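Please read these numbers as outputs of a predicted model, since none were measured by experiment. Hydrogens, waters and symmetry mates are skipped; everything else that's a heavy atom, side chains included, is used.
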Amino acid sequence: MGIRKRIIIGFVSLAVLLFFSGVVSLVELRRLSGQTAELVEAGARDMGYSRDMLDALQQQAILFIDGGYLVNLDPHTGRVVDDNRALVDSILTASDKRFNGALASAAATARDMGDIAAIYGAQKEYAGVVETFFAGGPVDHLALSYRYRRVYFALTSAIKDYMTSSQEIIRENISRVGDTAYRAITPGILALGVGIVVLLVFLYLIDIYFARPMVAINRSLRGYLASRLPFQVKTEARDEVLELKEGIDDLIALNRKKQE
């Protein structure tokens, strides 16, 4: 096989190795990018669900905090009068719809249903207290206020636990994404290492089978031309270098015959 073909095959092999390692790294990096985007989206989505549920609870809490303005209690009977009943009902309906919608969406995408079940349980007890307060019958406002605080904090705590748990799961997934990043760059690093080794071997072979023989031929030919020293060069490969050496041998032999 000639030197030209050997050089072409060597560089083509190195290029193919680097190309396929680059393709593998590119595929892994794209998958890594997709996983990262999915984790970011999941984190923002879970935070949005938690925010919607907490905002809905705060809207209802205003009805208790500002009870003297929105909900008028008869000081004698303890009943809720109907002066602002339409406004109260609209706030309750809108906040319930927002809360239940966010909870249903969170349940559909939850990775741990235990936290969702805790929210459902706390929400059921909370809804019972709210319904009792706004039912219109006589109530012990002070006792109900204590009950409301208890169920309110229990429900908000359950929502915060869900939010914390979801972020913890995302953090664990991010750790796994870090492992994927290592897998993405590993083929490139291995290909680079192998490429360096192949390049060094390739340079060594070029030096042994091309550079050194050419230097030896040049030195021996100069010695023959300058001092008529014997042209003696050994080549191991059967390629263009050998053909060049044999051609020079033939020219020297022909020149000697002419001189004789």
Check: Leu155 and Phe99 side chains under 4.5 Å, non-hydrogen atoms
yes

Contact check, side chains of Tyr49 and Leu103, non-hydrogen atoms, under 4.5 Å
no

For Asp52, salt bridge (charged side-chain N to carboxylate O under 4.0 Å, His left out) partners two or more places apart
Arg98

Looking at [X] and [Y], would you say the former's side chain and the latter's main chain have a donor-acceptor pair under 3.5 Å?
{"X": "Ser95", "Y": "Leu92", "result": "yes"}
{"X": "Ser50", "Y": "Asp46", "result": "yes"}
{"X": "Thr156", "Y": "Phe153", "result": "yes"}

Count I, L, V, M, F, W, Y as connected when their side-chain heavy atoms are under 4.5 Å apart, and connections chain through other members. Are Val130 and Leu57 then in the same cluster?
yes

Is it the case that the side chains of Gln60 and Tyr152 hold a donor-acceptor pair, with the cut-off being a distance below 3.5 Å and no angle test?
no

Donor-acceptor side-chain pairing of Tyr148 and Tyr126 below 3.5 angstrom
yes

Give every residue pair that meets the salt bridge (charged side-chain N to carboxylate O under 4.0 Å, His left out) criterion with at least one member in residues 195-207, sequence neighbours excluded.
Asp207-Arg212

Quick one: which residue pairs count as a salt bridge (charged side-chain N to carboxylate O under 4.0 Å, His left out) with a foot in residues 189-198, not counting sequence neighbours?
none

Taking CZ in Arg45 as the centre, count heavy atoms belonging to other residues, nucleotides or ligands within less than 6.0 Å. Is the count above 12?
yes

If you measure from CG on Leu54 to CD1 on Ile159, what distance do you get to the nearest 0.5 Å?
4.5 Å

With sequence neighbours excluded, residues passing side-chain contact (heavy atoms from CB on, under 4.5 Å) with [X]:
{"X": "Arg219", "answer": "Val215"}
{"X": "Arg150", "answer": "Glu125"}
{"X": "Asn100", "answer": "Asp96, Gln123"}

Write down the atom of Ala158, the atom of Ala122, and the distance for their closest heavy-atom approach.
CB-CB, 4.5 Å

